[in-house]
Structures are given as structure tokens and as C-alpha cells.
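Reading through the C-alpha cells given below for one structure.
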Amino acid sequence: MKDYRAPENRSEALALLETHIERDGICEGCLASWARLVDFPCSFAQAAHRILADDAATGDR
């Protein structure tokens, strides 16, 4: 997995959220990708959630 940047659209956000999941309080995706021990949700997961929330809000109009 090589997600060196935050997601920019819905499909990238969904793909990222499949791997950036919580495991004992840390982000599994960051650990697998870069051996980084970061709190979950990491900045990538946060960005993905924002994109999906924005899409949901836009779809409600």
C-alpha cells in the first residue's frame, strides 16, 4: 500500500479507509505502510472521513 498523500475523491477515500483502521488505538494502515505508530484516526483517515461527509452533505441537497 502506497498512500503518500491524503485522498482527493470518494473512491480514494473509500480505498484508504479499508486499510487505515484502528488496531489497539493505532492506525493499522500507517503501521503497515511506513512502520509508523500513530494514533487512530490518523490524518489520512480524518481526511477520508471529511471527504465522505462532504459528499453525503452535498448529496442531501
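Here the structure is a predicted model, which is why all the values come from computation and not from measurement.
Between atom CG of residue L52 and atom CZ of residue R10 there is a gap of 5.5 Å, rounded to the nearest 0.5 Å. To the nearest 0.5 Å, atoms SG (C42) and CG (L31) are separated by 11.5 Å. Annotation: the span from L14 atom CG to I51 atom CD1 amounts to 9.5 Å, rounded to 0.5 Å. Going from atom NE2 of H20 over to atom OG of S43 covers 9.0 Å, rounded to the nearest 0.5 Å.
Taking the side chain as every heavy atom from C-beta outward, T19 and E28 never approach each other to under 4.5 Å. Counting only heavy atoms from C-beta outward, the side chains of R36 and I26 never approach each other to under 4.5 Å. The closest side-chain heavy-atom distance from N9 to D55 is not below 4.5 Å. Considering only heavy atoms from C-beta on, E22 stays 4.5 Å or farther from P41 through its side chain.
Contact between C27 and F40 at its shortest, heavy atoms only, is N-CB, 4.0 Å. In terms of heavy-atom proximity, P7 sits nearest to F44 at CD-O, 4.0 Å.
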